[in-house]
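In what follows, a single structure is set out as structure tokens and then discussed.
Because the structure is predicted, anything quoted here is derived from the model rather than measured. Side chains included, hydrogens not; waters and symmetry mates left out as well; all remaining heavy atoms used. Residue indices begin at 1 and follow the sequence shown.
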Amino acid sequence: MSSNHQDMQHVSAIDARSFVEQVLVGNGASKDNATIVAKCLVEADLRGVDTHGINRIPSYMARIRKGVLDAAASPTLRRITPAVAQVDGHNGFGFLAAHMGMAAAIDMAKEFGIGLVSVKHSNHFGMSAWVVQQALDAGMMSLVFTNSSPALPVWGGKSKLMGVSPIACGAPAGKGRPFIMDMAPSVAARGKIYKALRRGEKIPGDWALDKDGQQTQDPAKALEGVMLPMGGPKGSAIAIMMDVFSGVLSGSAFAGHVINPYDPSRPADVGHFLVAIKPDLFMSIEEFKERMDYLYQRVIGSDRMSGTDRIYFPGEIEDLNKEKRLKDGIPLVEAEVEALNKEAQQVGAACILTSPPAPRSRL
């Protein structure tokens, strides 16, 4: 892949967050809201989920400039029952609606053991794992669902209908690593195709079909076609489940009517479904964490198949990426730096990095 030969520049997490905050405030977001969005985006980059990190800024800003995402909007919450609430995102950033929703779910779970929040009229909220981490930081287990724009055919179909909508969940541990699962129901997340297109890379041939139904390694052709579900009908069913819990239940768009975050023509109307659960409902928290640590050791200590050097717990690779990138910085190729700097220049903010000069010819 061509990006392997591109020079990477690195930006620190602190500088990345500051950059995002400046660009967001310059586009109409409040300082408090910009801080939340910046933290969530940079968290994705730190965990190595570059498809859902700060490189999303140009597409989000395009939606703001077209008037289909309200940068100044703040979500509101309505309590339905003692343990159930609904958040209205008011077509603002999905990060804000999900953050408010999980915070409410956590508060209800502390009192009632479980808290459930449905979110409507939201937008793309990036990497689901940051919402899971919000619950983990409060000592909670969690379920995080969202729906998304059509990219996947239902099993047996050939046209886009369901979204590549991630299912995520988590549970705290003691001395071991926490359990964090965040996965799309497709063979690969669609954001990886956008990343490949942005970086001039090819994609594996089993990720997607072009508009003619043929496997392709060209990301542009893949985006014209459909993603492929993981496990055939199993991945298709998970995508439909995300639409049921996130779209149908919330009152947001569903059944193929969610708008793509890269499409600046209309509001996205995304829905989310968030649950926080106290892990000590049936035993002490100490016993729960001991059991989680035992599970962790059993998983990573399993007999390895031929060619496998190490077995990882779900979320562990991303945790290791974060440890490394906190020290080394977040890698960006020159095209990404240029796109981000362009956004900064439009609002008079400082550039994220200065692109290196072209190498001098030795001739």
Side-chain angles (χ1 to χ4, degrees), residues 12-14 16-17 36 39-50 52-53 83 95 98-99 101-117 125-145 166-184 189 274-331:
S12 72
I14 292 174
R17 282 194 291 267
I36 292 172
K39 180 181 178 181
C40 298
L41 286 172
V42 173
E43 183 68 15
D45 283 311
L46 288 174
R47 292 179 65 81
V49 188
D50 304 309
H52 290 61
F95 304 92
H99 185 272
M102 182 52 76
I106 290 167
D107 285 344
M108 291 185 290
K110 287 178 180 177
E111 185 173 359
F112 301 105
I114 188 168
L116 185 158
V117 177
F125 67 27
M127 172 190 72
S128 296
W130 75 260
V131 193
V132 173
Q133 187 63 54
Q134 183 181 350
L136 288 173
D137 290 343
M140 295 285 174
M141 302 173 70
S142 63
L143 296 172
V144 177
F145 298 174
I167 178 173
C169 57
K175 298 178 181 178
R177 295 195 183 264
F179 171 77
I180 301 178
M181 185 191 81
D182 180 1
M183 68 178 194
L274 312 172
V275 180
I277 305 166
K278 279 190 74 179
D280 57 349
L281 290 175
F282 312 110
M283 63 190 73
S284 70
I285 188 62
E286 291 77 18
E287 184 180 358
F288 178 87
K289 289 183 175 181
E290 286 176 4
R291 291 168 68 85
M292 285 298 299
D293 288 347
Y294 178 72
L295 174 61
Y296 172 77
Q297 292 298 333
R298 289 282 287 174
V299 169
I300 67 168
S302 298
D303 294 337
R304 298 190 296 272
M305 65 184 291
S306 177
T308 299
D309 296 325
R310 178 175 176 180
I311 294 173
Y312 296 91
F313 204 56
E316 185 171 12
I317 291 175
E318 291 81 1
D319 281 346
L320 293 171
N321 282 335
K322 182 175 180 178
E323 291 171 9
K324 184 177 188 300
R325 290 187 174 190
L326 280 172
K327 291 187 295 183
D328 300 340
I330 297 164

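- When the shell of 6.0 Å around CD1 of Ile285 is examined, it contains more than 12 heavy atoms from other residues, nucleotides or ligands.
- From Ile180, atom CD1 reaches atom CD of Glu316 across 11.0 Å, with rounding to the nearest 0.5 Å.
- To the nearest 0.5 angstrom, Lys278 atom NZ is 10.5 Å from Glu111 atom CD.
- Here the straight-line distance linking atom CD1 of Ile277 with atom CG of Leu143 works out to 5.0 Å at 0.5 Å rounding.
- Put simply, CD on Glu286 and CG on Asp280 are 8.5 Å apart, with the number rounded to the nearest 0.5 Å.
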Taking distance alone, no hydrogens or angles, what donor-acceptor pairs closer than 3.5 Å link side-chain atoms of residues 125-141 to residues at least two apart or in another chain?
unit_1, atom_1, unit_2, atom_2, d
Trp130, NE1, Phe125, O, 2.8
Trp130, NE1, Met127, O, 3.2
Gln133, NE2, Asp137, OD1, 2.8
Gln134, NE2, His99, O, 3.1

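- Glu290 is not listed as a side-chain neighbour of Met283, based on a closest heavy-atom distance of 4.5 Å or more.
- Looking at residues two or more places apart in sequence or on another chain, you find a side-chain contact (heavy atoms from CB on, under 4.5 Å) between Ile317 and Tyr312, Asn321.
- Atom CG of residue Leu320 and atom CZ of residue Arg47 lie 10.0 Å apart, to the nearest 0.5 angstrom.
- Not a single donor-acceptor pair under 3.5 Å links the side chain of Asp182 to the backbone N or O of Ala168.
- A distance of 7.5 Å separates CD1 in Ile330 from OG in Ser12, rounded to the nearest 0.5 Å.
- Between Pro172 and Pro279, the closest heavy-atom pair is CG-CG, 4.2 Å.
- Other residues, nucleotides and ligands contribute only 12 or fewer heavy atoms inside 6.0 Å of the CZ atom of Arg291.
- Between Ile311 and Val299, the shortest heavy-atom contact is CG2-O, 3.3 Å.
- Across all non-hydrogen atoms, the minimal contact from Leu274 to Met102 is CD1-N, 3.6 Å.
- Shown here are the ring-ring contact (aromatic ring centres under 6.0 Å, His included) partners of Phe313, two or more places apart in sequence or in another chain: Phe179, Tyr296.
- Nearest heavy atom pair, residue Arg325 against residue Asp45, reads NH1-O, 2.6 Å.
- By the neighbour-count criterion of 12 heavy atoms within 6.0 Å, atom OH of Tyr294 is sparsely surrounded, having that number or fewer from other residues, nucleotides or ligands.
- Taking every heavy atom of both residues into account, Lys175 and Asp293 meet most closely at N-OD2, 2.8 Å.
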CA sep, side-chain torsions, deciding dist, call: Leu46, Glu43, side chain to side chain contact (heavy atoms under 4.5 Å, CB included): CA-CA 5 Å; Leu46 288 174; Glu43 183 68 15; 4.2 Å; yes

